[in-house]
S.K.: 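Below are the structure tokens for one structure; questions will follow.
All residue numbers refer to positions in the sequence shown, counting from 1. Quick caveat, the model's predicted, so the values are computed rather than measured.
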Amino acid sequence: MAKVIIIGAGGVGTVVAHKCAQHPEVFSEIVIASRTRSKCDAVAAAIGKPNVSTDTVDADSVEQLCELFRRHKPDMVINVALPYQDLTIMDACLACGVNYLDTANYEPRDVAHFEYSWQWAYRERFEKAGLTAILGCGFDPGVSGVFTAYAAKHYFSEMETLDIVDCNAGNHGKAFATNFNPEINIREITQNGRYYKEGEWVVTKPLEFHRTLNYPNIGPRESYLLYHEELESLVLNFPTIKQARFWMTFGQEYLTHLRVIQDIGMARIDEVEYNGQKIVPLQFLKAVLPNPQELGKNYHGETSIGCRIAGKDKEGKPMTYYIYNNCSHEEAYKETGMQAVSYTTGVPAMCGAMMFLTGKWNKPGVHNVEEFDPDPFLAAVSENGLPWHEVLNGDLEL
């Protein structure tokens, strides 16, 4: 039994809190903390259990984070705040002797660029402190990496190509809305793409390459190549991979709105002056777009996320492998009040914390999820609302 602090009370934080509360045998005490305590209180009230409490913290402040950690003495921090805050939270964990888990890698506020180098630089300090930091424990990154590790463990002697495919076939009825934090979402999609090929990173224009892929129980959807952070760690941890790519679906209406947002300057992340005040256009846009937390009520359809892998099986013969999960927006909302995009990130975050706290993923240092045993994690994910499926030697379409 252990105590955790969940930093962040958005859609993902709400799901993490709900799922942790379902396992009092592991999470004996749960503290939800964010800058706005009323948001935390609303989540705690919806859960309605005495072992769930709330607090307030500015996650940009190491001093405030340390005050929070010293007050509550948690065994682990589950960071589902903004990616900008990863390093301050890791600094506070080191200062206070707390283990760490997040769902997205660090990126600086002033440039739309994300990579693991900033967090990997903490490896030696966490190892010397005897603390574990688990990076990227959402779905993608997260389950996608564990899917890859599972394939390597059970099916492949060599994995040669990896394509991570992410489809949201849901409909929320809004003209334009993002499924998670609009600022992070738009920054991710509008930057250059990248994919790995024969030891090199190939840079592409934003959404330059696309093709139609078929998704289980959904059908054909136009899928666009973009860069995603788990590719960076997966090609290092599985060096036989010769090509690694990430694909995500977007509807034409979404892309039209996105193009207009860029054309009129609302995707800018630098400051502009308005009525004597400095504002960041993308942050202003975030304030007027629909709140991702409030999309769930009218969301229909499902997501489908998985890994399509080709290579050589354990006997050296050619093999293809597709492992995936489909998640219903309606079912996610019934259980947690959040839509499937938040649900598919929050469930794995809880499961990763469970793995650490039950001794299955306890390894001092800073580690990506694919460095741990995939079997107990995937069993937990399946048992907690995200069952997964396999297709052996099917057509990968890629």
Side-chain angles (χ1 to χ4, degrees), residues 7-8 10-12 34-36 39 57-65 79-91 102-121 135-136 138 141 174-195 201-209 224-232 246 248 250 253-293 341:
I7 300 180
V12 176
S34 78
R35 196 187 303 264
T36 308
K39 293 171 65 177
V57 70
D58 178 358
D60 289 319
S61 167
V62 174
E63 182 180 354
Q64 284 196 32
L65 287 161
N79 169 19
V80 284
L82 295 171
Y84 317 137
Q85 298 163 329
D86 288 358
L87 300 188
T88 54
I89 297 173
M90 292 179 79
D91 285 335
D102 67 30
T103 63
N105 70 1
Y106 172 76
E107 62 178 282
R109 287 183 185 272
D110 56 352
V111 58
H113 178 78
F114 51 100
E115 62 181 59
Y116 277 116
S117 62
W118 290 288
Q119 291 178 278
W120 285 346
L135 305 184
K174 304 288 186 183
F176 182 84
T178 61
N179 295 293
F180 56 95
N181 185 295
E183 185 178 354
I184 303 302
N185 186 222
I186 292 172
R187 282 168 61 119
E188 175 184 298
I189 295 166
T190 55
Q191 66 178 289
N192 285 337
R194 271 193 294 162
Y195 67 95
W201 289 100
V202 181
V203 178
T204 70
K205 295 177 182 177
L207 308 182
E208 178 182 3
F209 294 104
Y224 293 79
L225 188 148
L226 55 106
Y227 177 70
H228 231 237
E229 63 242 54
E230 66 263 46
L231 298 180
E232 181 183 12
F246 184 96
M248 183 175 283
F250 300 102
E253 186 174 13
Y254 180 95
L255 293 177
T256 299
H257 278 85
L258 187 66
R259 186 172 64 251
V260 172
I261 286 168
Q262 289 179 276
D263 288 347
I264 63 175
M266 289 305 296
R268 288 175 56 176
I269 61 174
D270 57 319
E271 289 185 338
V272 300
E273 188 166 319
Y274 175 73
N275 280 352
Q277 291 185 315
K278 298 284 188 181
I279 66 167
V280 175
L282 184 53
Q283 292 177 356
F284 174 79
L285 180 67
K286 172 186 173 182
V288 298
L289 285 176
N291 183 348
Q293 272 184 273
V341 177

S.K.: Between the main-chain N or O of Asn105 and the side-chain N or O of Glu229, is there a donor-acceptor pair closer than 3.5 Å?
M.R.: yes

S.K.: Roughly how far, to the nearest 0.5 Å, is CD1 of Ile261 from CZ of Arg268?
M.R.: 15.0 Å

S.K.: Begin with the C-alpha distance, continue with both residues' side-chain angles, and end with the deciding distance and a verdict on side-chain contact (heavy atoms from CB on, under 4.5 Å) for Tyr106 and Leu82.
M.R.: CA-CA 9 Å; Tyr106 172 76; Leu82 295 171; over 6 Å; no

S.K.: Kindly say whether Tyr116 contributes a backbone atom to a donor-acceptor pair with the side chain of Glu232 at under 3.5 angstrom?
M.R.: yes

S.K.: Could you tell me whether the side chain of Thr190 reaches within less than 4.5 Å of the side chain of Gln262, counting heavy atoms only?
M.R.: yes

S.K.: Which atom pairs, one a donor and one an acceptor, fall under 3.5 Å between side chains of residues 57-65 and the rest of the protein, sequence neighbours left out?
M.R.:
| from | atom 1 | to | atom 2 | distance (Å) |
| --- | --- | --- | --- | --- |
| Asp58 | OD1 | Arg35 | NH1 | 3.2 |
| Asp58 | OD1 | Arg35 | NH2 | 3.2 |
| Asp58 | OD1 | Asp60 | N | 3.0 |
| Asp58 | OD2 | Arg35 | NH1 | 3.4 |
| Asp60 | OD1 | Gln85 | NE2 | 3.4 |
| Asp60 | OD1 | Arg109 | NH2 | 3.1 |
| Asp60 | OD2 | Arg35 | NH2 | 3.3 |
| Asp60 | OD2 | Arg109 | NH2 | 3.0 |
| Ser61 | OG | Glu63 | N | 3.4 |
| Ser61 | OG | Gln64 | N | 3.0 |
| Gln64 | OE1 | Asp58 | N | 2.9 |

S.K.: Should Val272 and Lys278 count as side-chain neighbours, where that means a heavy-atom distance under 4.5 Å?
M.R.: no

S.K.: Of all heavy-atom pairs between Pro83 and Ala104, which one has the smallest distance, and what is that distance?
M.R.: CG-CB, 4.3 Å

S.K.: Under 4.5 Å between any side-chain heavy atoms of Thr204 and Asn192, yes or no?
M.R.: no

S.K.: Answer with yes or no whether the side chains of Asp86 and Asn79 bring together a donor and an acceptor at under 3.5 Å.
M.R.: yes

S.K.: To the nearest 0.5 Å, what is the distance between CD on Gln283 and CE on Met266?
M.R.: 10.5 Å

S.K.: State whether a side-chain donor-acceptor pair under 3.5 Å links Asp102 with Gln119.
M.R.: yes

S.K.: With a 4.5 Å cut-off on side-chain heavy atoms, are Tyr195 and Val203 touching?
M.R.: no

S.K.: Could you tell me how the ring of Phe246 sits relative to the ring of His228: parallel (under 30°), tilted (30 to 60°) or perpendicular (over 60°)?
M.R.: parallel

S.K.: Take Arg194 and Val202 through the test side-chain contact (heavy atoms from CB on, under 4.5 Å) and record every step on the way to the result.
M.R.: CA-CA 5 Å; Arg194 271 193 294 162; Val202 181; over 6 Å; no

S.K.: Could you walk me through whether Trp201 and Tyr227 pass side-chain contact (heavy atoms from CB on, under 4.5 Å), step by step?
M.R.: CA-CA 10 Å; Trp201 289 100; Tyr227 177 70; 3.8 Å; yes

S.K.: Given side chains that start at C-beta, do those of Phe250 and Leu226 come closer than 4.5 Å, heavy atoms only?
M.R.: yes

